[in-house]
Asks: 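After the structure tokens below, expect a handful of questions from me.
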Amino acid sequence: VLAQRSRHAAQQESNRQTEALQREIASHAHTDGPLQQAQREAERAKLHAEAANRAKSRYITTISHELRTPLNSILGYAQLLEEDDAMPAHRRQAVSVIRRGGDHLLSLIEGTLDIARIESGKLALEVRAMRFADGLAEIARLFELQAAGRGIGFRFEVVGMLPVAVRGDEKRLRQILINLLGNAVKFTAQGQVTLRVQHQRDMARFEIEDSGPGMTADELARVFEPFERGSAASGMSAGSTGLGLTIARMLTELMGGELTVRSTPGQGSVFTIRLFLPELAAAPPGADNQRAQRTGYAGPRRRILVVDNEEADRRLLVDVLQPLGFEVLTAASGEDALAQLAASAPLDAVFMDLAMPGIDGWETLRRMRAAGLTMAAAVVSANAFDKRLDNDVGLPSEDFIVKPVRVAELLDWLGQRLGLQWQLAAPLPTPASPAAAGSSPPPAAQLRMLRDAVGLGHVRGIGRQLDAIEAADPAQAGFVARQRLLARQFHFDAMTEHIDKALHEARTL
């Protein structure tokens with residue numbers, strides 16, 4: 001009887017467990033349907049997002065190519081005109097305006113491309129030995145001049161000792177610092193900008209502090225978003241593309257670092273960067289960064305072929321190279337280039353465009369190599385993504401020159417590949433630093449007259465007053481040069497601040 005009752009109880013418990021499992025299975029089946037549907041929708045959304053991202057990258061690549069082609073002529077001829085000794089001074093200033101406008105547009109293109117490369121995973125870091133202390137000092141000197149031109153101060157502070165060399169991507173580190181320092185100088189109307197650097201236990205810490213307008217909490221939350229330039233009240237929108245901070249943060253994270261910011265409205269902002277930059281025992285060999293004007297080269301005349309379907313781009317390279325003594329041939333297509341190579345005497349170098357009707361640049365280079373032509377070859381392309389493509393021609397990334405062409409970069413490539421010994425123009429005398437001041441401030445009466453002219457915004461009157469100050473005391477050349485620089489840039493507030501300081505010094509003497 002006990003055994004029968006035990007079996008009956010066990011059967012009942014088993015039935016209850018089975019029913020509970022069936023209910024749970026039914027419940028899972030009921031909830032699994034929506035989950036599977038949500039997963040399918042997520043997969044579809046992911047595919048749509050990837051397709052949209054690819055379409056965006058194609059659009060950015062295409063529009064970049066279309067913008068770089070006319071920019072190549074604009075910036076190329078602006079560079080040539082700036083170096084032309086026959087250019088009148090007032091026209092040279094106009095050319096400089098064209099050059100700055102082109103550079104600004106190019107920086108917008110480059111920034112958009114950098115974002116696209118980072119998002120698509122096509123931006124590769126070039127980690128190598130780099131000069132750390134010297135490189136930072138060079139950046140500091142660059143922004144000292146920019147800050148002086150805006151009438152504000154610039155301080156470079158080193159906490160402890162900086163290593164001579166570290167291992168990192170020098171180009172991207174410079175890009176991060178230049179973006180942050182450029183913003184700080186641009187948006188600081190008075191006061192100063194400070195670059196503070198510390199390197200300890202292979203970790204580098206950079207602080208860029210300014211006394212600018214600062215940012216509110218809402219602006220801080222959006223400051224790293226693309227094309228976010230702050231409110232008009234804070235002055236953050238003037239002359240900014242809104243990409244510098246976005247790129248700086250993306251590059252910092254790509255390098256395994258951290259970029260943060262703190263800010264107080266009306267008091268300024270502090271951007272902090274932390275990067276792993278291991279110290280090296282030996283410094284890399286130094287590079288000659290001087291860009292003296294080249295007038296020619298020693299040795300036999302070199303022959304160069306320029307292949308480009310755009311007549312303006314061919315003409316630009318001819319105008320750059322012929323005055324230096326090169327014999328330049330041109331071809332408008334790949335077929336024309338191959339015909340000239342077969343019929344002419346041996347060439348020393350070829351500059352090859354890629355996007356051409358008929359035979360494109362890659363196929364032209366393949367046929368050249370198949371014919372046994374081993375002269376130096378460089379790709380000159382408006383497609384900035386071409387530099388990252390693997391190719392079967394054997395061209396390294398150093399043989400890619402992206403339009404708009406930098407004349408110095410192109411000549412550096414020629415000099416290296418052909419082993420040229422450049423003939424340089426006599427160096428110009430070093431001008432007096434705009435920040436240099438005389439041994440004592442100008443007389444108070446002259447300063448008051450200058451201040452009145454500045455208050456009226458009378459540019460010619462300012463020029464006459466500065467001429468009078470310099471004529472009365474040539475030792476004031478530094479003060480006058482600085483005021484002229486600020487006047488040309490219409491920084492009247494900065495001029496007033498400096499004049500007030502000089503007046504205070506004049507009264508205390």
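What you see is a predicted model; the values in this text were computed from it and never measured.
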Asks: Can you tell me if Glu157 has over 12 outside heavy atoms packed within less than 6.0 Å of its CD?
Replies: yes
Asks: Are Ile462 and Met495 side-chain neighbours, meaning at least one heavy-atom pair lies under 4.5 Å?
Replies: yes
Asks: Is it true that Arg406 and Asp412 have a side-chain N and a carboxylate O under 4.0 angstrom from each other?
Replies: no
Asks: Just how far is it from atom CZ of Arg315 to atom CD of Glu311, taken to the nearest 0.5 Å?
Replies: 7.0 Å
Asks: Between Leu450 and Phe479, does the side-chain contact (heavy atoms from CB on, under 4.5 Å) criterion hold? Intermediate values first, please.
Replies: CA-CA 12 Å; Leu450 176 60; Phe479 174 85; 4.2 Å; yes
Asks: Look at the side chain of Gln175 and the backbone N and O of Lys171, then say whether any donor-acceptor pair between them is shorter than 3.5 Å.
Replies: no
Asks: What is the distance from atom OG1 of Thr252 to atom CZ of Phe271, rounded to the nearest 0.5 Å?
Replies: 11.0 Å
Asks: Take Arg484 and Glu470 through the salt bridge (Lys or Arg N to Asp or Glu O under 4.0 Å) test and state the conclusion after the steps.
Replies: CA-CA 11 Å; Arg484 288 192 196 281; Glu470 190 170 15; 3.6 Å; yes
Asks: Run the side-chain contact (heavy atoms from CB on, under 4.5 Å) test on Leu316 and Tyr77 for me, step by step, so that the C-alpha distance in whole Å, both residues' side-chain angles and the decisive distance to 0.1 Å come before the verdict.
Replies: CA-CA 7 Å; Leu316 171 63; Tyr77 281 110; 4.1 Å; yes
Asks: Is a side-chain donor or acceptor of Ser211 paired with a backbone partner of Gln192 at a separation under 3.5 angstrom?
Replies: yes
Asks: Heavy atoms only: give me the nearest Ala349-Leu414 pair and the separation to one decimal.
Replies: CB-CD2, 4.1 Å
Asks: Is it the case that the side chain of Arg451 and the backbone of Ile499 share a donor-acceptor pair, with hydrogens and angles ignored and the cut-off at 3.5 Å?
Replies: no
Asks: Within this structure, what is the CD1-CZ distance for the pair Ile139 and Phe156, rounded to the nearest 0.5 Å?
Replies: 8.5 Å
Asks: Side chains of Gln423 and Arg294, heavy atoms from C-beta outward: is any pair under 4.5 Å?
Replies: no
Asks: To the nearest 0.5 Å, how far apart are CG in Leu251 and CG in Leu259?
Replies: 10.5 Å
Asks: Can you list every salt bridge (Lys or Arg N to Asp or Glu O under 4.0 Å) pair that touches residues 322-351, not counting sequence neighbours?
Replies: Arg303-Glu327
Asks: Do you know the tightest heavy-atom contact between Met375 and Leu347?
Replies: CB-O, 3.5 Å
Asks: I want to check something: taking the side chain as every heavy atom from C-beta on, are Leu275 and Ile273 in contact at a cut-off of under 4.5 Å?
Replies: yes
Asks: Can we say Lys403 and Asp308 salt-bridge, meaning some charged N sits less than 4.0 Å from an Asp/Glu carboxylate O?
Replies: yes
Asks: Less than 4.5 Å apart, side chain to side chain, heavy atoms only: is that true for Tyr297 and Arg302?
Replies: yes
Asks: Are any of the side-chain nitrogens in Asp399 or Arg417 under 4.0 Å away from the carboxylate oxygens of its partner?
Replies: yes
Asks: If you take all heavy atoms of Ala376 and Leu418, which pair is closest and at what distance?
Replies: CB-CD2, 4.4 Å
Asks: Hey, does the side chain of Arg367 reach the backbone of Ala371 with a donor-acceptor pair shorter than 3.5 angstrom?
Replies: no
Asks: In the structure I gave you, are the side-chain heavy atoms of Leu195 and Val197 within less than 4.5 Å of one another anywhere?
Replies: yes
Asks: Just verifying a value: how many Å separate Ile74 CD1 and Ile98 CD1, rounded to the nearest 0.5 Å?
Replies: 8.5 Å
Asks: Could you check whether any side-chain N or O of Thr374 sits under 3.5 Å from a backbone N or O of Arg369, counting only pairs where one atom can act as donor and the other as acceptor?
Replies: no
Asks: If the plane angle is over 60° it's perpendicular, under 30° parallel, otherwise tilted; pick one for Phe154 and Phe143.
Replies: parallel
Asks: Kindly assign one of parallel, tilted or perpendicular to the pair Phe326 and Trp422, based on the angle between their ring planes and the thresholds 30° and 60°.
Replies: perpendicular
Asks: Checking Glu310 side chain against Pro70 main chain: does a donor-acceptor pair fall under 3.5 Å?
Replies: no
Asks: Is the distance from the ring center of Phe351 to that of Trp413 below 6.0 Å?
Replies: yes
Asks: Do the side chains of Glu363 and Arg366 get close enough for a salt bridge, i.e. N-O under 4.0 angstrom?
Replies: yes
Asks: Just to verify, what does Leu456 make a side chain to side chain contact (heavy atoms under 4.5 Å, CB included) with, not counting sequence neighbours?
Replies: His458
Asks: Between the main-chain N or O of Val405 and the side-chain N or O of Asn72, is there a donor-acceptor pair closer than 3.5 Å?
Replies: yes
Asks: How long is the span from the CG atom in Asp210 to the CD1 atom in Ile152, to the nearest 0.5 Å?
Replies: 8.5 Å
Asks: If every non-hydrogen atom of Met255 is compared with every non-hydrogen atom of Ile176, which pair is closest and at what distance?
Replies: SD-CD1, 3.9 Å
Asks: Has the side chain of Glu170 got a donor or acceptor atom that lies under 3.5 Å from a matching backbone atom of Met130?
Replies: no
Asks: Using every non-hydrogen atom in the two residues, find where Gln446 and Ala472 come nearest and quote the distance to one decimal.
Replies: NE2-CB, 3.8 Å
Asks: Is there a side-chain contact between Asp473 and Pro442 (heavy atoms, below 4.5 Å)?
Replies: no
Asks: Is any side-chain heavy atom of Val380 less than 4.5 Å from a side-chain heavy atom of Val306?
Replies: no
Asks: Taking C-beta and beyond as the side chain, do Val307 and Asp353 meet within less than 4.5 Å on heavy atoms?
Replies: no
Asks: For side-chain contact (heavy atoms from CB on, under 4.5 Å), just list the numbers for Leu341 and Leu305, CA-CA rounded to whole Å, side-chain angles, deciding distance to a tenth of an Å, and then say yes or no.
Replies: CA-CA 9 Å; Leu341 288 169; Leu305 176 64; 4.0 Å; yes
Asks: Within the side chain of Thr246, is there an N or O that forms a donor-acceptor pair under 3.5 Å with the backbone of Phe224?
Replies: yes
Asks: For the residue pair Ala378 and Ile401, what are the closest heavy atoms and their distance?
Replies: CB-CD1, 4.4 Å
Asks: Does the side-chain contact (heavy atoms from CB on, under 4.5 Å) test come out yes or no for Thr194 and Ile208, once each step is laid out?
Replies: CA-CA 6 Å; Thr194 301; Ile208 292 93; over 6 Å; no
